[in-house]
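Comments concern the structure below.
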Protein chains: 2
Amino acid sequence: MAKADSNDSPQSSAQVAREVARLILTGVWREGTTLPREIELASRFDVSRASIREALSLLKAKGLIVSRQKAGTHVRSRIDWNMLDEELLNWTLSELPTQEFAQQLLEIRRIVEPEACAICAVRGSDEDFARIERAYRGMDAAGLDRLAYAEPDLQFHRGILIATGNDFLIAFGATVAAALRMSFNLSTQNPGAPRKSLPYHRAVLDAIWARNPDRARQAMIKLMDLTEQNIILALSRQRKKDAEEDNARTRRAR
Amino acid sequence: MAKADSNDSPQSSAQVAREVARLILTGVWREGTTLPREIELASRFDVSRASIREALSLLKAKGLIVSRQKAGTHVRSRIDWNMLDEELLNWTLSELPTQEFAQQLLEIRRIVEPEACAICAVRGSDEDFARIERAYRGMDAAGLDRLAYAEPDLQFHRGILIATGNDFLIAFGATVAAALRMSFNLSTQNPGAPRKSLPYHRAVLDAIWARNPDRARQAMIKLMDLTEQNIILALSRQRKKDAEEDNARTRRAR
DNA sequence: TGAAAAAATATGTCTGACATAATAACTCTT
DNA sequence: AAGAGTTATTATGTCAGACATATTTTTTCA
């Protein structure tokens, strides 16, 4: 219920935006729903109409809602939501971290990242590669510290996308960031998982330095395979744990 | 200078957002630049500070800018821009339709759409396929009318993405929409091009109905090849035309 | 019955004020 | 003169109430 988010943003308009987004993402306000009028939202959230409008402006930009004079503000259909937006991804991750969401995230990473990696191997500059290698070293240095491992891990993947020089692949970094965040959250169920991925990252790095696109692609595919296994394992352990807790609650209730 | 856009949006805040986005995208306000203060922007665009704030709120949501109290509003670095956002794509398309942009767009479509097509063939429902087929029929019915061809063409590609059931692939529809819009703009240089793509779409449709992922992937790759050829041809013709106009201007100036 | 006119209403915009947080300036001490 | 602590300063953040505008809904009248 609480923020449970590393983000600060004490801005009231940002908080409103997040809360409205939550209501939409969790389906309380379904597609096509007309939102309450601005003045009603203002009184409900106890902020001014101006803040409400700024919040809605943010959500409009992400494709969640659309508004017309007199007609009101409506929730747009899902296909118009810009799910590749970083904030939207993070909100979904903290509100509805379903298995389906995890699988979809894996699926698209598997489509994009191996190809990006191949392009990176061909087109990246030595400076690009050096930056990726620095990230690799950071991961190595982190040892078994999951938190310290996370940041260079993201830099590693981002570095590959950046090296492609393709603005759209670079923008895909937001999606990768969300996926890694999810993996990090799940790694409580499997603390050793991050470290195990290190040699796979090494293989990617070597293939890139060798400027061998096919090897780079294959190495990235293997890394994706490992990631998928780890996530499936973590999810099943979590489900098991949740079920046990459920049982315990049921017993207590009797 | 004028709007030159099919979009209506007479909203002043939307206009301001677009203009500020233009200044950022075209590099007038580079990465790291501090924007003028809100009251200055308000007087420059001759709107109230509230409208400025709503406009900036929109751009914040797209990752273009970030603002902190007292410190001001800054242009974020390019890697934070959400280039997969539909509006941002359309703005870039109308302000900076460079060859590089076109190639990047082609590159990412080539990565995503063939795989999406393969997934669609496996996972799509018959209703999904029927919707895609309706789009195909619409394209056929449009004949040589480029404008009438454009809408069902988009529905065809969107239909495939939707049929995958993957929210991220669905969100990628915004990028495809921008790419098709670009193709449409360029097709003045090559009016027959759209119609020529019809049999390639047919091949995709057949492969999907056959639920054959490999054939579907291959058919989509061929469609991408054709699209690429058309765009390269159109771009070279346009460059040639632009050069001739330039010559003409120079001669007149003498 | 149906088209034109009037009313109602939710978003869009403007104004001016105050709150807040981060920076810049200025103390004062050592 | 250097540095730590305090006090302005300033740009964004928020609030309040009013009016403008565009649709929809209702009413009126031919």
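Sequence lines set the chain letters: A, B, ... in the order given, protein chains first and strands last, and positions in each chain run from 1.
To the nearest angstrom, P of D:dT14 lies 17 Å from CD1 of B:Ile52. Rounded to whole angstrom, the span from the CZ atom of B:Arg37 across to the P atom of D:dG13 amounts to 14 Å. Between B:His74 atom NE2 and C:dT23 atom C1' there is a gap of 11 Å when expressed in whole angstrom units. Rounded to an integer number of Å, the gap from CG of B:Asp46 to P of C:dT15 is 9 Å. In this structure, CD1 of B:Ile39 is placed 10 Å from C1' of D:dT10, rounded to the nearest angstrom. Note: CZ (A:Arg49) to P (D:dG17) measures 13 Å, nearest angstrom. Whole-Å rounding puts the A:Glu38 CD to D:dG17 C1' distance at 15 Å. One atom, CG of B:Leu35, and another, P of D:dT10, lie 20 Å apart when rounded to the nearest Å.
An OP1 or OP2 oxygen of D:dG13 is reached within less than 4.0 angstrom by a side-chain nitrogen or oxygen of B:Arg53. At least one side-chain nitrogen or oxygen of A:Lys60 sits closer than 4.0 Å to the OP1 or OP2 atom of C:dG12. Regarding contacts with the backbone of D:dG13, a side-chain N or O of A:Gln11 is found under 4.0 angstrom from either OP1 or OP2. Phosphate proximity of D:dT12 to B:Thr73: present, with a side-chain N or O under 4.0 Å from OP1 or OP2. Taking side-chain N and O atoms only, A:Ser67 has no distance below 4.0 Å to OP1 or OP2 of C:dA10. In this structure, B:Ser48 does not reach the C:dT13 phosphate: none of its side-chain N or O atoms is under 4.0 Å from OP1 or OP2. Within the 4.0 Å cut-off from OP1 or OP2 of D:dT14, at least one side-chain nitrogen or oxygen of A:Ser13 is found.
Here the rule is salt bridge (charged side-chain N to carboxylate O under 4.0 Å, His left out) with A:Glu87, and of A:Arg22, A:Lys62, A:Arg18 only A:Lys62 fits it.
In this structure, A:His201 and A:His157 have perpendicular ring planes: the angle between them is above 60°, well past the 30° mark.
Counted within 6.0 Å of CZ on A:Arg123, heavy atoms from surrounding residues, nucleotides or ligands total more than 12; the atom is thus considered enclosed.
Note on A:Arg68: only backbone sugar-phosphate atoms sit closer than 4.0 angstrom, heavy atoms only; bases stay farther off.
Donor-acceptor pairing under 3.5 Å is recorded for the side chains of B:Tyr149 and B:Ser197. Between B:Gln15 and B:Glu19, the side chains place no donor N or O within less than 3.5 Å of an acceptor N or O (distance only, hydrogens not considered).
Of the candidate nucleotides C:dT13, C:dA21, D:dT21, C:dA21 has the atom lying nearest to any side-chain atom of B:Gln69. If you check D:dT12, D:dT23, D:dT9 against the side chain of A:Lys70, the one that comes closest is D:dT23.
Taking the nucleotide of DNA chain D with the nearest heavy atom to each of B:Gly72 and A:Ala50, the more 5' of the two is matched to B:Gly72.
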